[in-house]
Protein chains: 2
Amino acid sequence: MIDTIAFDGDDTLWHNESLFSMTQDRFRALLANHLADPADIDRRLLQAERENLRVYGYGIKGFVLSMIETAVDLTDGRIGGRDIQSLVEFGKAMLEHPVDLLDGVQEVVEGLAGRYRLLLVTKGDLFDQESKIARSGLAGRFDAIEIVSEKDPATYRRLLDRHGVDPARFVMVGNSVRSDILPVLAVGGHAVHVPYHVTWAHEVAEPPTENYRRIDSLHGLPPLLAAW
Amino acid sequence: MIDTIAFDGDDTLWHNESLFSMTQDRFRALLANHLADPADIDRRLLQAERENLRVYGYGIKGFVLSMIETAVDLTDGRIGGRDIQSLVEFGKAMLEHPVDLLDGVQEVVEGLAGRYRLLLVTKGDLFDQESKIARSGLAGRFDAIEIVSEKDPATYRRLLDRHGVDPARFVMVGNSVRSDILPVLAVGGHAVHVPYHVTWAHEVAEPPTENYRRIDSLHGLPPLLAAW
């Protein structure tokens, strides 16, 4: 029944949100000299990130610029140049961080390659995503790689058309209900949700009530496909 | 002979480098309180941009982060939070700046659409480029749009393969000798150089001695194609 499997990248194949989370911890520590309430820092940063999505799109560079803006704002401009440079360096460390594959990814992707058409459909910054895909060592396992700026039903419809994929024979595997599950169901495809242990607040969404499956790790995918 | 024409976007279809130039003027003015030598500012900024290409890739967000790094460095960390926020705002103004088409673009692209297969091959930030293409009003004129992170021979080879284009029947039209002319000639295609009045130092390259044509504006393209 299923002949094409698409995988999300960040937090599905490799760790990503944990890196943002760790950086946000460092951001809170850096602002601790100026401010007391960590919850306020998180709230203002998320607000800046959301407002800036419209101009920056997704990705680390926009995140760093949102941290800088939040730091200036929360300190009434008293943040020093050296602290700002630390934020810039946090961003570079994120961009250069080794790509850590999640548990089961290597075996499962290699096991499915050749038996199914495999796509990688990842959202975010073109340059950073290409770099991570190259460093993941998995690029050769995919029949096509698509880096998109947003994952909405129109994006999935365009990709399925481009690759001549029947939605009824297509399954998307990803960690984000908002980006990997709901829009795929909306265009008539199948979806498998593999939750990651941290979810960016912007990506949080209610899971649908039907037509999708949930597994704990990618190890659960082959048996699910076999049973379909 | 020619059946496929690819256009570069930035500084070929719409103004771009002039916007960076204008922002760099504002950057110099902002640092004037701290430093005297504008040539030193330009030199340090270009150095930061070049070093950071490896982690940031091309685009406005990376440029802003390089301005911030340069400002902290040149002022020995004395730059204030409000000035840093001004740099962030410069970047947002660039990202939201209206897309100004160059002279002749609208007529020439519309006149060639339907008679040739038209591609748009543009380099840089996925989100920003998609936004500019949408705002240019030209998206519907192109048979395919490709946003790439680097324009080297391997990139052009991949694109020609993907679209089943014979290099002998392909011409690339663009303002950058380094990105639009040399790599296209290297894969056996044709190239038309339309210089822009400002060229980013990183893109400066010696033009080849043969196998390419140079025109002053896109108005010169249809007669050139007719004579080919």
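Naming convention: chains lettered A, B, ... in sequence-line order (proteins, then strands); numbering from 1 in each chain. Everything quoted here is computed from the prediction, not taken from an experiment.
Contacts from residues 45-61 of chain B to chain A, taken as heavy-atom pairs separated by less than 4.5 Å, involve N52(B), L53(B), R54(B), V55(B), Y56(B), G57(B), K61(B) in sequence order.
Heavy atoms of I147(B) lying under 4.5 Å from chain A belong to its backbone as well as its side chain. Of the two parts of R78(B), neither the backbone nor the side chain holds a non-hydrogen atom closer than 4.5 Å to a non-hydrogen atom of chain A. Contact annotation for I84(B): only side-chain heavy atoms (C-beta onward) come within less than 4.5 Å of a heavy atom of chain A. Contact annotation for E96(B): only side-chain heavy atoms (C-beta onward) come within less than 4.5 Å of a heavy atom of chain A.
Rounding to the nearest 0.5 Å places CZ of R162(A) at 6.5 Å from CZ of R162(B). Distance check: Q85(B) CD to D73(A) CG gives 7.5 Å after rounding to the nearest 0.5 Å.
Across L65(A) and V64(B), no two heavy atoms sit closer than the pair CD2-CG1, 3.6 Å.
Under the side-chain contact (heavy atoms from CB on, under 4.5 Å) test applied with S149(A), the options L126(B), D125(B), D128(B) reduce to a single match, L126(B).
Comparing G91(A), G77(A), A71(A) by how many heavy-atom pairs each has under 4.5 Å with chain B, the most go to G77(A). Each of K92(B), E130(B), Q129(B), E150(B) has some count of heavy-atom pairs under 4.5 Å with chain A, and the biggest count is that of K92(B). Among I79(B), I68(B), D76(B), the residue making the largest number of heavy-atom pairs under 4.5 Å with chain A is D76(B).
Residues V72(A) and V88(B) are not in side-chain contact: their nearest non-hydrogen atoms beyond the backbone lie 4.5 Å or more apart.
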